[in-house]
Peer 1: 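Structure provided below as structure tokens; questions to follow.
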Amino acid sequence: MKIKFTKMHGAGNDFVVLDAINQSISLSPAQWQFIADRRFGIGADQMLVVEKARGEGVDFRYRIYNADGGEVEQCGNGARAFVKFVTDKGLTSKRAIRVETMSGVIEPRLEDDGQITVDMGAPILTPADVPFDSHGLQHRNEAEDTLWPLDVAGKTTWISVVSMGNPHAVQVVEDSEAAPVLSEGPLIERHERFPKRVNAGFMQVVDRHHVNLRVYERGAGETLACGTGACAAVVAGIRRGLLDSPVAVQTHGGVLNIAWAGPGEAVMMTGPAVSVYEGEIELPDQL
Ligand SMILES: N[C@H](CCC[C@H](N)C(=O)O)C(=O)O
């Protein structure tokens with residue numbers, strides 16, 4: 001089966017983007033894993049599938065698959081790549097686009113300078129809705145935030161839990177470059193208290209408007225940037241009284257600018273999106 005694709009990235013978080021309006025896309029998890037494989041396939045953190053809208057009042061639907069082949073609810077960097085893709089492909093002439101995702105409608109907007117701003121919706125802050133199983137844990141409050149003690153390899157790690165449609169566990173570290181991202185990230189990702197697994201963020205507060213962030217992503221491992229992770233980290237930092245909106249989030253792949261006016265308000269994310277190359281792949285039918 002031949003599939004046309006566009007290779008893209010948002011601050012180094014890389015994607016294979018597929019137009020499912022003009023070609024039929026229905027792949028198995030094993031085929032998604034093959035596409036994501038950096039040696040046997042194309043290579044990507046996530047795959048993004050652009051579809052016709054299903055509901056009223058929206059322009060498109062977009063679906064997100066992690067490198068491990070699992071479909072997930074939201075992808076912030078992917079939303080920006082999506083806007084650049086549908087614009088470059090002439091699938092829309094709109095600058096502000098309403099797009100359905102598994103976790104609801106988001107509104108990305110192409111700015112005059114080529115950056116893309118996405119209304120990522122309001123964060124979900126009730127632990128059970130993240131979902132996070134807080135049963136039996138003694139939390140502690142820090143300003144407006146609730147911190148939970150997570151047993152990670154016998155060490156207690158205090159985390160904030162935030163959903164941007166997808167689940168995030170955010171911890172504050174002294175030095176993000178020295179943080180145990182690759183050793184602790186996988187343990188947090190698959191911790192039993194996260195029934196849907198979780199994206200693990202490690203945030204260093206530089207000042208009240210600047211942080212360094214590394215994220216060990218659910219289903220992908222450490223990525224160069226995580227858009228929803230940047231949103232979740234800023235929400236947690238503002239609730240902990242450590243940050244003031246807007247916040248520049250420095251990731252290994254670039255800077256994402258996040259603004260949040262407080263509970264119940266949408267998180268606004270601004271950042272880049274780049275198309276790297278077009279291609280076509282012959283997908284094995286049996287994997
Ligand atoms: N790994 C994430 C999906 C991709 C999110 C990330 N790439 C972003 O830019 O938000 C999850 O399983 O929830």
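Below, all heavy atoms of this structure are taken into account, side chains as well, without hydrogens, waters or symmetry copies. One-based numbering, in listed order, for ligands and for the atoms of each.
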Peer 1: Does the side chain of S103 pick up a donor-acceptor pair with the side chain of Q74 at under 3.5 Å?
Peer 2: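 Side-chain D/A pair, S103 to Q74: present.
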Peer 1: Just checking, is any N or O donor in the side chain of Q250 or N212 under 3.5 Å from an acceptor N or O on the other one?
Peer 2: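 No, N212 and Q250 have no side-chain donor paired with an acceptor closer than 3.5 Å.
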Peer 1: For ligand 1, which is the ligand I care about here, please tell me if G78 has any N or O atom under 3.5 Å from one of the ligand's N or O atoms.
Peer 2: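 N/O-N/O distance below 3.5 Å does not exist for this pair.
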Peer 1: Please list the nearest protein heavy atom to atom 1 (N) of ligand 1 with its residue and the distance rounded to 0.1 Å.
Peer 2: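 For this ligand atom, the closest protein heavy atom is E217 OE1, 2.7 Å.
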Peer 1: If we only consider heavy atoms of N199, is any one of them less than 4.0 Å away from an atom in ligand 1?
Peer 2: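 Yes, N199 has a heavy atom closer than 4.0 Å to ligand 1.
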Peer 1: Would you call C226 a ligand 1 contact, heavy-atom distance under 4.0 Å?
Peer 2: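 Heavy atoms of C226 do come under 4.0 Å of ligand 1.
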Peer 1: Between D145 and S160, does any side-chain donor sit less than 3.5 Å from a side-chain acceptor?
Peer 2: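 A pair is found: one side chain offers a donor N or O, the other an acceptor, under 3.5 Å apart.
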Peer 1: Classify the contact between Q46 and ligand 1 as side chain, backbone, both or neither, using a heavy-atom distance cut-off of under 4.0 Å.
Peer 2: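 Looking at Q46 and ligand 1, just side chain atoms fall under 4.0 Å.
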Peer 1: Under 4.0 Å, counting heavy atoms only: does H168 come that close to any atom of ligand 1?
Peer 2: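 H168: no contact with ligand 1 (<4.0 Å).
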Peer 1: Just to verify, which of D14, N13, T223, N77 counts as forming a side chain to side chain donor-acceptor pair (under 3.5 Å) with Q46?
Peer 2: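 When D14, N13, T223, N77 are each tested with Q46, the side chain to side chain donor-acceptor pair (under 3.5 Å) holds only for N13.
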Peer 1: Between V72 and ligand 1, which part of the residue brings a heavy atom under 4.0 Å of the ligand: side chain, backbone, both or neither?
Peer 2: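 The side chain, only.
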Peer 1: Looking only at protein heavy atoms, identify the closest one to atom 9 (O) of ligand 1 and say how far it is in Å.
Peer 2: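 Ranking protein heavy atoms by distance from atom 9 (O) of ligand 1, first comes G227 N, 2.8 Å.
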Peer 1: Looking at E278 and K4, is any side-chain nitrogen of the basic one under 4.0 Å from a carboxylate oxygen of the acidic one?
Peer 2: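 No, K4 and E278 are not salt-bridged.
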Peer 1: Between M8 and V50, is there a shared hydrophobic cluster once you connect ILVMFWY residues whose side-chain heavy atoms come closer than 4.5 Å?
Peer 2: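 Same hydrophobic cluster.
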Peer 1: Of the backbone atoms (N, CA, C, O) and the side-chain heavy atoms from C-beta on, which set of N13 has a member under 4.0 Å from an atom of ligand 1: side chain, backbone, both, or neither?
Peer 2: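 Looking at N13 and ligand 1, just side chain atoms fall under 4.0 Å.
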Peer 1: Under a 4.0 angstrom heavy-atom cut-off, which atoms of ligand 1 come close to N66?
Peer 2: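 Near N66, the atoms of ligand 1 are 1 (N), 2 (C), 3 (C), 11 (C), 12 (O).
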Peer 1: May I ask you to list the atoms of ligand 1 that are less than 4.0 angstrom from any heavy atom of N77?
Peer 2: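 Every atom of ligand 1 under 4.0 Å from some heavy atom of N77: 8 (C), 9 (O).
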Peer 1: Do side-chain atoms of Y62 reach the backbone of A79 as a donor and acceptor pair under 3.5 angstrom?
Peer 2: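 Yes, because the side chain of Y62 sits within donor-acceptor range (under 3.5 Å) of the backbone of A79.
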Peer 1: Does F15 offer a backbone N or O that forms a donor-acceptor pair with the side chain of H9 under 3.5 Å?
Peer 2: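 Judged by distance alone, no pair lies under 3.5 Å.
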Peer 1: NZ/K89 to NZ/K84 distance, rounded to the nearest 0.5 angstrom?
Peer 2: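 Rounded to the nearest 0.5 Å, the NZ-NZ separation comes out at 11.0 Å.
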Peer 1: To the nearest 0.1 Å, how far is atom 10 (O) of ligand 1 from its closest protein heavy atom, and which atom is that?
Peer 2: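 Protein heavy atom with the smallest distance to atom 10 (O) of ligand 1: T228 OG1, 2.6 Å.
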Peer 1: Would you mind running through ligand 1 and noting each atom that sits below 4.0 Å from a heavy atom of Q74?
Peer 2: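 This gives 3 (C), 4 (C), 5 (C) as the contact atoms.
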